[in-house]
Visitor: 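Sharing a structure here in structure tokens format.
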Amino acid sequence: NFLPDIYFTLNGQLVTPGDQVLEDESIPTSYTFEPKMNINFLAARYSLDGQFLDISSVLGGVIQLCSDTTTRLNAAFIFGTYYSHSCSIPAIDLWDQTKYKPEFYDLFLDFELSGVRQIYPVPLRLLDYQFNRQQINRETDAKDWHFVKRFFLVDNVATTGASSNSQPEYVRYVKSIAINIQLLSGTTSGQIFPPYFSIEYGTVSLTDAEGGASVSTSFSVEYTYDT
């Protein structure tokens with residue numbers, strides 16, 4: 001089985017500091033408001049043991065925990081749309097491994113270069129990540145960040161006991177996902193730097209879940225432009 005790189009690499013090389021990842025100007029697509037264009041993201045799914053499952057568009061709520069109409073979920077990926085969607089989920093639902101499959105995801109930006117389809121790995125900024133006991137990805141300067149390539153939506157297996165009938169004592173879930181898209185400085189053609197995802201996790205206990213607790217989760221998209 002193929003195991004993808006956990007840390008963000010380009011051409012097999014680890015890319016640090018983080019701001020170097022975000023300054024790449026190699027994405028050639030000119031995005032437009034009219035006609036409307038999607039920023040096309042793909043999600044590659046892997047099982048817990050690293051087996052590749054499939055790769056598909058993120059449209060239809062593939063990486064969004066909140067439910068809604070397909071139109072509203074897909075609006076997040078229309079170029080230029082500032083998007084924010086949040087909801088509450090009964091915590092006990094997160095223990096349902098059929099509804100919330102314990103899988104890993106790698107994300108890619110899908111575009112064309114000279115008529116040839118390309119995919120570009122999307123850097124992930126895990127806000128809870130620690131390096132030397134410091135949550136460096138919460139720093140304001142991107143040069144301090146460490147990006148990764150892989151994440152999960154719900155971890156409902158890690159704290160399962162030895163008994164085959166036991167349930168996890170805790171579940172970790174995506175508390176928030178924010179897609180950050182920056183336009184190239186001075187661009188008049190809608191070109192962008194590599195988009196990155198900022199991801200924060202939450203934890204809920206089985207005791208609280210069985211007591212009727214709910215958890216909140218959000219998904220947002222923001223655009224920036226340096227003049």
Visitor: Can you tell me if Asn74 uses its side chain to pair, donor with acceptor, with the backbone of Gly60 under 3.5 Å?
Guide: yes
Visitor: Would Leu59 end up clustered with Ile181 when hydrophobic side chains under 4.5 Å apart are linked, directly or stepwise?
Guide: yes
Visitor: Begin with the C-alpha distance, continue with both residues' side-chain angles, and end with the deciding distance and a verdict on side chain to side chain contact (heavy atoms under 4.5 Å, CB included) for Asp144 and Asp141.
Guide: CA-CA 6 Å; Asp144 296 318; Asp141 195 333; 3.8 Å; yes
Visitor: In Å and rounded to the nearest 0.5 Å, what is the CG to OG distance from Leu42 to Ser56?
Guide: 7.5 Å
Visitor: Pair Tyr83, His85 - check side chain to side chain contact (heavy atoms under 4.5 Å, CB included), show working.
Guide: CA-CA 7 Å; Tyr83 181 92; His85 187 201; 3.6 Å; yes
Visitor: Assess the residue pair Val21 and Tyr196 against the criterion (side chain to side chain contact (heavy atoms under 4.5 Å, CB included)); give the C-alpha distance rounded to whole Å, side-chain angles, the decisive distance to 0.1 Å, and a yes or no.
Guide: CA-CA 9 Å; Val21 175; Tyr196 68 94; over 6 Å; no
Visitor: Are Tyr170 and Val204 linked, directly or through intermediate hydrophobic residues, by side-chain heavy-atom contacts shorter than 4.5 Å (ILVMFWY only)?
Guide: no
Visitor: Kindly say whether Gln51 contributes a backbone atom to a donor-acceptor pair with the side chain of Asp49 at under 3.5 angstrom?
Guide: yes
Visitor: I'd like to check Leu113 versus Ser26 (side-chain heavy atoms, cut-off strictly below 4.5 Å). Are they in contact?
Guide: no
Visitor: Are Ile55 and Phe152 connected into the same hydrophobic cluster when the rule is that any two of I, L, V, M, F, W, Y join if their side-chain heavy atoms are below 4.5 Å apart?
Guide: yes
Visitor: Are Leu94 and Ile92 packed together at the side-chain level, in the sense that at least one heavy-atom pair is separated by less than 4.5 angstrom?
Guide: no
Visitor: Return the minimal non-hydrogen interatomic distance between Phe108 and Ala44, and the atom names on each side.
Guide: CE1-CB, 4.0 Å
Visitor: Inspect the contact between Asp54 and Arg45 and indicate whether a charged nitrogen and a carboxylate oxygen are less than 4.0 angstrom apart.
Guide: yes
Visitor: Closest approach of Tyr173 and Ser216, non-hydrogen atoms and distance?
Guide: CE1-O, 3.7 Å
Visitor: Evaluate Phe41 against Phe197 for ring pair (Phe, Tyr, Trp, His ring centres under 6.0 Å), listing each step before the verdict.
Guide: CA-CA 11 Å; Phe41 291 105; Phe197 283 50; 5.4 Å; yes
Visitor: Side chains of Tyr100 and Leu65, heavy atoms from C-beta outward: is any pair under 4.5 Å?
Guide: yes
Visitor: Which atom pair, heavy atoms only, marks the closest approach of Phe77 to Val58?
Guide: CZ-CG2, 3.6 Å
Visitor: How long is the gap from CG on Leu48 to CD on Glu103, to the nearest 0.5 Å?
Guide: 8.0 Å
Visitor: Should the ring pair Phe79 and Tyr223 be called parallel, tilted or perpendicular, given that the plane angle runs from 0 to 90° and is split at 30 and 60?
Guide: perpendicular
Visitor: Are Ile78 and Val62 connected in a single hydrophobic cluster, I mean Ile/Leu/Val/Met/Phe/Trp/Tyr linked by side-chain heavy atoms less than 4.5 Å apart?
Guide: no
Visitor: Grab the two heavy atoms, one from Trp145 and one from Glu139, that are nearest each other, plus how far apart they are.
Guide: NE1-O, 2.8 Å
Visitor: Between Thr217 (side chain only) and Val174 (backbone N and O only), is there a donor and an acceptor less than 3.5 Å apart?
Guide: yes
Visitor: Verify side chain to side chain contact (heavy atoms under 4.5 Å, CB included) between Leu22 and Phe193, making sure each step is shown before the conclusion.
Guide: CA-CA 6 Å; Leu22 306 181; Phe193 288 106; 5.6 Å; no
Visitor: Is it true that a side-chain atom of Arg138 and a backbone atom of Leu127 form a donor plus acceptor pair closer than 3.5 Å?
Guide: yes
Visitor: Do Leu109 and Pro195 come close enough that some side-chain heavy atom pair is under 4.5 Å?
Guide: yes
Visitor: Is there side-chain contact between Cys66 and Phe219, with at least one heavy-atom pair below 4.5 Å?
Guide: no
Visitor: For the residue pair Tyr129 and Phe131, categorise the inter-ring angle as parallel (less than 30°), tilted (30 to 60°) or perpendicular (more than 60°).
Guide: parallel
Visitor: Give a yes or no answer on whether the side chain of Asn38 reaches the backbone of Asn40 with a donor-acceptor pair at less than 3.5 Å.
Guide: no
Visitor: Kindly compute the distance separating CD (Glu23) from NZ (Lys143), expressed to the nearest 0.5 Å.
Guide: 12.0 Å
Visitor: Which heavy atom of Trp95 sits nearest a heavy atom of Gln167, and at what distance?
Guide: CD1-OE1, 3.4 Å
Visitor: Please say which of Leu153, Asn156, Val154 ends up in a side-chain contact (heavy atoms from CB on, under 4.5 Å) with Pro102.
Guide: Asn156
Visitor: Could you tell me whether the side chain of Ile27 reaches within less than 4.5 Å of the side chain of Pro194, counting heavy atoms only?
Guide: yes
Visitor: Check for me whether the distance between the ring centres of Tyr201 and Phe151 falls short of 6.0 Å.
Guide: no
Visitor: Considering non-hydrogen atoms only, spot the tightest contact between Gln191 and Ser30 and give its length.
Guide: CG-OG, 4.2 Å
